Amino acid sequence: MNDELEYRAVLAVDIERSAGRGDRALLEIRARLTEMLKEAFEASGVDWSACLRHDLGDGLRVTAPAGTRKAALVHPLVPELALRLRTYNRGAAPLTRIRVRIALHAGDVHVSPDGTVAGSPLEVLARLLDAPPARAALAGAPETVPASLLLSGHFYDETVRHGHLGLFPEDFRKVGFTVKEHTADAWLQLPGRQPPAKAAPEPAEAQEEPAGSKTAGSKMVNKASGHGVVYATQHGTQHIRIERRH
């Protein structure tokens, strides 16, 4: 085994609700997801051909080339992938629509000459990918939201926390989780989700006073010109009495 360790960023995606779609649909969505991931990596300036890719069955793990700027894997890569997924889903049949959970971590890994990657950072990445908060957030989001993103604390601290161009710490929330033997905090985002628009306040509707209430049938008395007195009931009926002087 190669005893040399290399610091690498690692990304994993898992297709939501992939089971039960049948082989043909699964092959289709796996191919389309790989294609969109490649486009998103290249749009982010990360050489896809230099990445080490490993099949996860219903997803993919990608080890970025040494020296990759980690922030680029959050922005613009994640928005680029979310945009492609959302556009694809508009025209896809229900069986081939794709929503994914995305996990990001980084650390020292063993990289073998044949491209095999091993090490504890991959274990952490797998736990992030299965974390219940990421699953629940995506399941509860509108169908137009194509992905959830979960960053390890280490990855967040070295990238998002500093607020570099395109990275907004306020878009993430801290979550805790336990998967198998792994307990940790992580940072969650739903890429592409728009905050709900503030609804305009509705005008208050006039309410009728119930019969027999204290205010029902109340009177308002005002003096009127011509030596008259105007009586107006609560519901708008007016009675005018003319006072004549003798």
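None of these values were measured; they are calculated from a predicted model.
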K.L.:
So do R21 and I15 actually touch side chain to side chain, heavy atoms under 4.5 Å?
P.N.:
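Of all side-chain heavy-atom pairs linking R21 with I15, at least one is under 4.5 Å.
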K.L.:
To the nearest 0.5 angstrom, please state how far the CG atom of D58 sits from the CZ atom of R30.
P.N.:
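Between atom CG of D58 and atom CZ of R30 there are 8.5 Å.
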K.L.:
Does some side-chain heavy atom of D130 sit less than 4.5 Å from a side-chain heavy atom of F177?
P.N.:
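In short, these two side chains do not touch, never coming nearer than 4.5 Å.
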K.L.:
In sequence, state the C-alpha distance, the side-chain angles, and the governing distance for W48 and V62, and then conclude on side chain to side chain contact (heavy atoms under 4.5 Å, CB included).
P.N.:
CA-CA 9 Å; W48 180 252; V62 182; 4.2 Å; yes
K.L.:
Using 0.5 Å steps for rounding, measure from the NZ atom of K38 to the CG atom of L60.
P.N.:
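Reported to 0.5 Å precision, the distance equals 13.0 Å.
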K.L.:
Can you see which heavy atom on D55 is nearest to which on G59, and at what distance?
P.N.:
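It is OD1-O, 3.5 Å.
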K.L.:
Are K70 and Y7 side-chain neighbours, meaning at least one heavy-atom pair lies under 4.5 Å?
P.N.:
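Yes - at least one pair of side-chain heavy atoms lies under 4.5 Å apart.
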K.L.:
Is the shortest distance from a Lys or Arg side-chain nitrogen in E28 or R24 to a carboxylate oxygen in the other one below 4.0 Å?
P.N.:
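No.
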K.L.:
Are side-chain heavy atoms of H154 and V124 found at a separation under 4.5 Å?
P.N.:
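Counting from C-beta outward, H154 and V124 never come under 4.5 Å.
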K.L.:
Any side-chain heavy-atom pair from L37 and R53 closer than 4.5 angstrom?
P.N.:
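With C-beta onward as the side chain, the pair stays apart.
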K.L.:
So, for T178 and K180, which heavy atoms are closest and what is the spacing to 0.1 Å?
P.N.:
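Looking at all heavy atoms of both residues, the shortest contact is CG2-O, 3.7 Å.
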K.L.:
Check whether any side-chain N or O of R101 sits under 3.5 Å from a backbone N or O of L129 as a donor-acceptor pair, and report yes or no.
P.N.:
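At least one qualifying donor-acceptor pair exists.
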K.L.:
Are W187 and Y156, when compared by the centres of their aromatic rings, separated by less than 6.0 Å?
P.N.:
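Yes.
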K.L.:
How long is the gap from CD on E42 to CG on L77, to the nearest 0.5 Å?
P.N.:
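It comes to 11.0 Å.
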K.L.:
Could you tell me whether a side-chain N or O of R84 sits under 3.5 Å from a main-chain N or O of E80, the two making a donor and an acceptor?
P.N.:
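Side chain of R84 to backbone of E80: a pair is present.
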K.L.:
Quick check: closest heavy atoms across A147 and P191, and the distance to 0.1 Å?
P.N.:
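Closest approach of A147 to P191, heavy atoms only: O-CD, 3.2 Å.
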K.L.:
How far apart are the closest heavy atoms of A134 and L188, and which atoms are they?
P.N.:
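Where A134 meets L188 most closely, the heavy atoms are CA-CD1, 4.0 Å.
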K.L.:
Work out which heavy atom in S148 is nearest to a heavy atom in L190; give both atom names and the distance.
P.N.:
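Taking S148 first and L190 second, the nearest heavy atoms are CB-CD2, 3.8 Å.
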K.L.:
For the CG atom of L85 and the CZ atom of R97, what is their distance to the nearest 0.5 Å?
P.N.:
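If I round to the nearest 0.5 Å, the distance is 13.5 Å.
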K.L.:
Nearest 0.5 Å, what's the CZ-CZ distance between R17 and R99?
P.N.:
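Rounded to the nearest 0.5 Å, the CZ-CZ separation comes out at 6.0 Å.
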K.L.:
Walk me through it: do E123 and H182 pass the test side chain to side chain contact (heavy atoms under 4.5 Å, CB included)?
P.N.:
CA-CA 9 Å; E123 296 175 7; H182 185 79; over 6 Å; no
K.L.:
When rounded to the nearest 0.5 angstrom, what is the spacing between CG in L125 and CZ in F155?
P.N.:
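So the CG of L125 and the CZ of F155 are separated by 10.0 Å.
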K.L.:
Are H75 and L167 packed together at the side-chain level, in the sense that at least one heavy-atom pair is separated by less than 4.5 angstrom?
P.N.:
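Yes, their side chains come closer than 4.5 Å.
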K.L.:
Are V74 and L150 linked, directly or through intermediate hydrophobic residues, by side-chain heavy-atom contacts shorter than 4.5 Å (ILVMFWY only)?
P.N.:
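Different clusters: L150 never reaches V74 through Ile, Leu, Val, Met, Phe, Trp or Tyr contacts under 4.5 Å.
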K.L.:
So do P146 and L81 actually touch side chain to side chain, heavy atoms under 4.5 Å?
P.N.:
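Result no, sub-4.5 Å side-chain heavy-atom pair not found.
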K.L.:
Check for me, please, whether L33 and L26 land in the same ILVMFWY cluster - side-chain distances under 4.5 Å, paths through other members count.
P.N.:
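L33 and L26: one cluster.
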K.L.:
In terms of hydrophobic clustering (I, L, V, M, F, W, Y; side-chain heavy atoms under 4.5 Å; direct or indirect links), are L149 and V145 co-clustered?
P.N.:
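No, L149 and V145 fall in different hydrophobic clusters.
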K.L.:
Should the heavy atoms of other residues, nucleotides or ligands under 6.0 Å from CG of D23 be counted, would the total exceed 12?
P.N.:
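Check fails, neighbour count at 12 or below.
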K.L.:
Looking at E35 and R32, does any basic side-chain N land under 4.0 Å from a carboxylate oxygen?
P.N.:
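Salt bridge flag = yes for R32 with E35.
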K.L.:
Tell me whether Y88 is reachable from F41 by hopping between hydrophobic residues (I, L, V, M, F, W, Y) whose side-chain heavy atoms are closer than 4.5 Å.
P.N.:
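Both belong to a single hydrophobic cluster.
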K.L.:
Could you state whether L73 and V111 fall into the same hydrophobic cluster, counting links through intermediate Ile, Leu, Val, Met, Phe, Trp or Tyr residues with side-chain heavy atoms under 4.5 angstrom apart?
P.N.:
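Different clusters: L73 never reaches V111 through Ile, Leu, Val, Met, Phe, Trp or Tyr contacts under 4.5 Å.
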K.L.:
Would you call T159 and L104 a side-chain contact if the rule is heavy atoms closer than 4.5 Å?
P.N.:
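They are not in contact (no side-chain heavy atoms under 4.5 Å apart), so the answer is no.
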K.L.:
Can a donor-acceptor pair be found, under 3.5 Å and without considering hydrogens, that links the side chain of H162 to the backbone of D157?
P.N.:
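Confirmed, H162 side chain pairs with D157 backbone.
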K.L.:
Looking only at heavy atoms, which two atoms of R8 and A64 are closest? And how far apart?
P.N.:
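Closest heavy-atom pair between R8 and A64: NH1-O, 3.0 Å.
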